[in-house]
Peer 1: 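Let me begin by handing over the structure; questions about it come next.
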Amino acid sequence: MKLITKTILYYLLISLPLLVIALFLSYTLIRSEVRDGTDEGLWKEKEHAEKLISNGQNSCLNSNSLSGIAADSSGGKGYQFKDTTVFDKLEGEDINYRMLKSHYESKGKNYRIIVAKPTLEEDELLEGLYSSLLIILGFLLISFFSVNWILSKTLWKPFYKTINKLDNYDLKEHSLQNFENSGTTEFSRLSEALNKMTDKIYTDFVQQKEFTENASHEMQTPLAVMKAKIELLMQSPNLKEHDMDQLQGIDTSISKLASLNKALLLLAKIENNQFKDVSEVSLEQVVNKVLVNYEDLIQSKGITIHKEIKKDIKLKMNPGLCDILIINLIQNAIRHNQPGGKINIVLENAYFSISNTGAPLNIQPEELFVRFKKNEASKESLGLGLSIVKGITDTYGLSIRYDFENNVHTFTLSMN
Amino acid sequence: MKILLIEDEPELRKSIKEFLYQEGYVVESANDFAKASEKAGIYDYDCVLVDITLPKGNGLDIIRQLKKANSKAGIIIISAKNSVDDKIEGLDLGADDYLPKPFNLAELNARIKALFRRKNFDGNKAIVLNEISIIPEERKVTVKDQEVILTAKEYELLLYFVSNKNRVLSKNSIAEHLWGDDADQIDGHDFIYTHIKNLRKKLLEKGCADYLQTVYGIGYNFKVN
């Protein structure tokens, strides 16, 4: 629910009972005032009647049908105000009256005096009150809406702006430089807090990215030293077979560490957007080039390749990254293939797909693109190839999908 | 052949120096920018190996200095950064090759030799090793004047062995030379063995001596006496 609607609802919730109370209070107060007035008038008439009686004139009193002076034999005393209703034939409706019954003794005779006044005013008063309160309610509603509307358009404007900015915030770009500083203290504080927060997040993010890159860089030199020393040691004529085995083990591990480091560095560079040059790359050429490079590997595994390639399909991206993308996908299809298996490559306008035969995965498909998640069967794999693929596709807003059906793994790259 | 090695990491400098001595080169080294600049300014070298990130300076400036002085030295950049920009800038400045760290010394050796061949310092277009002769320009190999038809990978393999003759080459080093950055993606080294077997067979068929020796556990040695 919008803030405006909520505010108005709350206002209404509070003002409705208040209005009812106000209605009740003003009704009772005004009615009692009016009644006092009526009663006073009746009292005066009664005194007037008593005077008349004392003077011996008891014939003419008020004009209405209820009022009158009559001889009384009941011996009642005192007076009594009373509300009563009389049916008016002319008007065809009940009319409320206020009447005063009193007893009067004059010259040994008892009289009963009744004076009455119609209380039309009172009903009208109530009606008037009702309608005026309704009008007030209407005015209140209109003013709530308009005030809130104006408030939200002006006072809340910076708030909505801030929300829009947050919505469009992209950490990689750090797109919003500043949340605006409005005149309102609360919003200024909000903007300040958001500025601080996003700046901090962005700095941390950049540092994190730089850390990976720097750490990988720093590792290259010691790795180079180790590699060189091992190579020199290998040349020694005095090595026994056992020593050779040890050296081979170290050499392989160093090579693996070096490749790992290289892959991490590449990932960091992709994520840091360091491949800025973009040109039109012909996918067909890249695919053929990579296949030629892996020809012997493919042959040695006895894999047959089937290609359905549409010509002249170009992708706008960094040529180096395009190579890496295709290399990783093809390598993946070779590595996880079975001896004598098949690779099927399809290049269409809208997509590039590569599928290979092979045993089902023993990890969740969604974990495929996560760093260091790899199928248990592939010990040699670094577990970074598909993360690199994902990193590249993310950079260019392409999407990559994995499917498995009838023992065929398929990666589809959508190019729309 | 005189080589200037500009590298600030002492252990790496020591190892490269030792290796190049073994290969019969005269090696001088510099560990920072000032010394490197001074040496490059005074002496003539056939080859300069330059690290880009140096204390108190940038290796690229050394290349600029050499090119400004019309030096004929071949230049190979050895860098831990492996950044495309550095590579492009270095090559644009006139460097001849770019070798990212970590590298195999045998690979460095092969690159230096290829550089010398390109610069034609020997005045000789063919590499001759007993009965084997290789003409790199034509990618042609002959044994006792009969041509040996090799696949691209076999040819590269032979050239690598010849460049690093009498040295033990590990399978890793061979794989990295043949497949470059993608070597790590190759499972096992079984099919290096296949290439070597084929190469040996083709050479033996033409009456070449069996120079290729298997070094147990590690790799191979192209032994020429």
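In what follows, every chain begins at residue 1, and chains take the letters A, B, ... in the order their sequences are listed. Keep in mind the model is a prediction, meaning the values are calculated, not measured.
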Peer 1: Report, as yes or no, whether the 6.0 Å neighbourhood of atom CG on A/Asp277 holds more than 12 heavy atoms from other residues, nucleotides or ligands.
Peer 2: no

Peer 1: Taking the side chain as every heavy atom from C-beta outward, state whether B/Leu12 and A/Met226 have any pair of such atoms under 4.5 Å apart.
Peer 2: no

Peer 1: With a 4.5 angstrom heavy-atom cut-off, is it the side chain or the backbone of B/Tyr216 that approaches chain A, or both, or neither?
Peer 2: both

Peer 1: For atom CZ of A/Phe205, decide whether the heavy atoms of other residues, nucleotides or ligands shown that lie under 6.0 angstrom number more than 12.
Peer 2: yes

Peer 1: Which heavy atom of A/Gln235 sits nearest a heavy atom of B/Val168, and at what distance?
Peer 2: OE1-N, 2.6 Å

Peer 1: Roughly how far, to the nearest 0.5 Å, is CG of A/Leu223 from NZ of B/Lys101?
Peer 2: 11.0 Å

Peer 1: So do the side chains of B/Glu176 and A/Ser255 get within less than 4.5 Å of each other, counting heavy atoms only?
Peer 2: yes

Peer 1: If you take all heavy atoms of A/Asp251 and B/Ser170, which pair is closest and at what distance?
Peer 2: OD2-OG, 3.0 Å

Peer 1: Is the NZ atom of B/Lys39 crowded by more than 12 outside heavy atoms at less than 6.0 Å?
Peer 2: yes

Peer 1: State, with a plain yes or no, whether a side-chain heavy atom of B/Leu105 is found less than 4.5 Å away from one of A/Lys227.
Peer 2: no

Peer 1: Are any of the side-chain heavy atoms of B/Asn104 and A/Glu231 separated by less than 4.5 Å?
Peer 2: yes

Peer 1: Is it true that, when you exclude B/Lys14 itself, more than 12 heavy atoms of the residues, nucleotides or ligands shown sit nearer than 6.0 Å to its NZ?
Peer 2: no

Peer 1: So which heavy atom on B/Ala80 is nearest to which on A/His217, and how close?
Peer 2: O-CD2, 3.3 Å

Peer 1: Please walk me through it: do B/Leu169 and A/Met234 pass side chain to side chain contact (heavy atoms under 4.5 Å, CB included)?
Peer 2: CA-CA 8 Å; B/Leu169 294 177; A/Met234 271 179 201; over 6 Å; no

Peer 1: Of the non-hydrogen atoms in A/Val225 and B/Glu9, which two are nearest, and what is the gap between them?
Peer 2: CG2-CG, 3.7 Å

Peer 1: Measuring from B/Asp51:CG to A/Thr221:OG1, what's the distance to the nearest 0.5 Å?
Peer 2: 7.0 Å

Peer 1: Does A/Lys229 have more than 12 heavy atoms from other residues, nucleotides or ligands lying within 6.0 Å of its NZ?
Peer 2: yes

Peer 1: Any chance CD of B/Glu137 has more than 12 other-residue heavy atoms, nucleotides or ligands included, within less than 6.0 Å?
Peer 2: no

Peer 1: So for atom CD, which belongs to A/Glu218, do other residues, nucleotides or ligands contribute more than 12 heavy atoms lying within a distance under 6.0 Å?
Peer 2: no

Peer 1: Test side chain to side chain contact (heavy atoms under 4.5 Å, CB included) on A/Met244 and B/Val215; report intermediate values, then the result.
Peer 2: CA-CA 8 Å; A/Met244 295 282 202; B/Val215 181; 3.4 Å; yes

Peer 1: Does any heavy atom of chain A fall under 4.5 Å from the side chain of B/Ala106, the backbone, both, or neither of them?
Peer 2: both

Peer 1: What distance do B/Ile218 atom CD1 and A/Asp245 atom CG have between them, rounded to the nearest 0.5 Å?
Peer 2: 8.5 Å

Peer 1: What is the distance from atom CD1 of A/Ile230 to atom OG of B/Ser15, rounded to the nearest 0.5 Å?
Peer 2: 10.5 Å

Peer 1: More than 12 heavy atoms of other residues, nucleotides or ligands under 6.0 Å from CZ of A/Arg401: yes or no?
Peer 2: no

Peer 1: Would you mind checking which part of B/Glu11 comes under 4.5 Å of any heavy atom in chain A, side chain (CB onward), backbone (N, CA, C, O), both or neither?
Peer 2: both

